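Only one structure is covered here, and it is reproduced in the block below.
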Protein chains: 2
Amino acid sequence: MTIKEVSEKYGITQDTLRFYERSGLIPPVKRTAGGIRDYGPEDLSWVELAVCMRSAGLTVEAISEYVRLSRLGDETFPARLQLLTKQREALLEQKKRIEATLDRLNYKIARYEVAVETGKLTWEPEEPPQSQNK
Amino acid sequence: MTIKEVSEKYGITQDTLRFYERSGLIPPVKRTAGGIRDYGPEDLSWVELAVCMRSAGLTVEAISEYVRLSRLGDETFPARLQLLTKQREALLEQKKRIEATLDRLNYKIARYEVAVETGKLTWEPEEPPQSQNK
DNA sequence: TCTTGACTTGGAGTCAACTCCAGAGACTAT
DNA sequence: ATAGTCTCTGGAGTTGACTCCAAGTCAAGA
């Protein structure tokens with residue numbers, strides 16, 4: 001699979017794919033005799049992993065460290081486990097922050113829906129809802 | 001309230017508070033006769049809003065546009081509603097991406113917990129779980 | 001009043017994550 | 001075999017969001 005096809009498949013640019021490889025976010029990709037990248041199934045699954053992790057906000061550094069450890073062999077299982085656990089923790093926290101912000105947005109949106117109808121905002125212009133859900 | 005107190009209260013630096021004000025992420029803060037910032041309750045609630053929205057990943061541009069509209073008066077209710085709705089959409093999508101990534105992390109973590117015990121990874125080294133939850 | 005420390009501004013610097021570019025080599029259809 | 005299109009590399013440039021700095025102002029205690 002050419003870099004063009006891969007970039008289209010995953011919705012990232014060719015430059016980004018090369019950048020990911022240079023940064024160690026994915027291991028070196030197989031090449032043709034002429035030196036052109038030829039992504040195989042294994043390469044693709046690394047790309048897919050990288051795209052997924054990046055889309056959630058993991059840093060390039062964290063992902064490339066995981067890839068580095070993976071290529072080092074079985075002795076790095078504990079290190080990899082620790083890394084993944086830490087990243088999960090970070091994502092759970094980010095998810096909480098997003099949920100808290102969604103609560104506030106929902107509250108504000110509800111008020112503005114009324115405001116657009118009636119022409120005026122209810123209560124004070126700024127006042128958080130102190131949500132307590134979950 | 002001084003800028004130092006506010007920065008401690010919300011866990012951001014004084015420089016960031018000044019940057020937020022310069023960028024229009026919060027409206028201009030009240031000043032003392034000598035030109036020193038003196039945050040009142042209203043200022044604080046803007047700061048709180050900005051910190052919350054930023055922590056969820058809204059851009060400085062989006063938040064400052066909301067603040068700009070807010071200071072323009074009642075005719076901007078529809079524009080504000082539209083802006084908030086769009087940001088909510090973006091956050092819901094980001095939340096989904098995080099949840100998908102959490103699924104993968106959980107899958108991998110479970111495998112590594114076994115691997116650390118047994119000394120070997122089960123199944124193929126790379127293979128997504130194809131989660132289908134929710 | 002003097003000193004010490006917090007606060008001010010405008011502007012420059014940093015960092016992560018791309019994004020773009022030039023010049024050269026590879027492949028494809030005629 | 002030549003035009004036209006991809007792809008390559010190394011390196012420079014961009015963007016967003018801070019972060020730091022210098023030089024000066026302000027304020028509270030001895």
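Throughout, protein chains are lettered first and strands after them, A, B, ... in sequence-line order, and every chain is numbered starting at 1. Computed from a prediction, not measured in an experiment: that's the story for all the values here.
B/Met1 places its CE atom 16 Å from the C1' atom of C/dA6, with the value rounded to the nearest Å. One can place CD of A/Gln14 at 13 Å from C1' of C/dC20, the figure rounded to the nearest angstrom. Going from atom CD1 of A/Ile26 over to atom P of C/dA17 covers 15 Å, rounded to whole Å. Regarding A/Leu25, its CG atom lies at a distance of 9 Å from the P atom of C/dA17, rounded to whole Å. In this structure, A/Glu21 atom CD and C/dA17 atom P are separated by 18 Å, rounded to whole Å. The nearest whole Å value for the distance from the CG atom in B/Asp15 to the P atom in C/dC7 is 12 Å. Distance, A/Glu61 CD to C/dA16 P: 7 Å, rounded to whole Å. As a whole-Å value, the separation of B/Phe19 CZ from C/dT9 C1' is 16 Å.
Classification of A/Glu65 and A/Arg68 as a salt-bridged pair holds, one side-chain N sitting under 4.0 Å from a carboxylate O. Between B/Arg104 and A/Glu48, at least one side-chain nitrogen of the basic residue sits less than 4.0 Å from a carboxylate oxygen of the acidic one, meeting the salt-bridge criterion. Salt-bridge annotation for A/Lys120 and B/Glu75: absent, with no side-chain N of the basic residue lying under 4.0 Å from a carboxylate O of the acidic one. Salt-bridge formation is not detected for the pair A/Lys30/A/Glu42: no Lys NZ or Arg NE/NH1/NH2 atom is positioned less than 4.0 Å from an Asp or Glu carboxylate oxygen.
Distances shorter than 4.0 Å separate some side-chain N or O of A/Tyr20 from OP1 or OP2 on C/dC18. Phosphate proximity of C/dT9 to B/Arg31: present, with a side-chain N or O under 4.0 Å from OP1 or OP2. Phosphate proximity of C/dC15 to A/Thr59: absent, as no side-chain N or O sits under 4.0 Å from OP1 or OP2. For the pair A/Ser23 and C/dA17, the criterion of a side-chain N or O lying under 4.0 Å from OP1 or OP2 is not met.
Comparing B/Arg22 and A/Asp38, the nucleotide of DNA chain D nearest to each residue sits closer to the 5' end for A/Asp38. Of the two residues near DNA chain C, B/Ile36 and A/Leu58, the one whose nearest nucleotide lies more 5' is B/Ile36.
Annotation: B/Glu61, atom CD; neighbour count of heavy atoms from other residues, nucleotides and ligands within 6.0 Å does not exceed 12.
Each of C/dC7, C/dC27, C/dC18 was ranked by its minimum atom distance to the side chain of A/Arg54; first place goes to C/dC18.
With hydrogens and angles ignored, the 3.5 Å screen pairs a side-chain donor or acceptor of B/Thr76 with a backbone N or O of B/Leu69. Judged by distance alone, the side chain of B/Asp38 and the main-chain N or O of B/Met1 form a donor-acceptor pair under 3.5 Å.
Across all strands, B/Arg37 comes closer than 4.0 Å only to sugar-phosphate atoms, never to a base (heavy-atom distances).
Note that the first and last nucleotides of DNA chain D, 5' to 3', having any atom under 4.0 angstrom from a heavy atom of chain A are D/dT7 to D/dT9.
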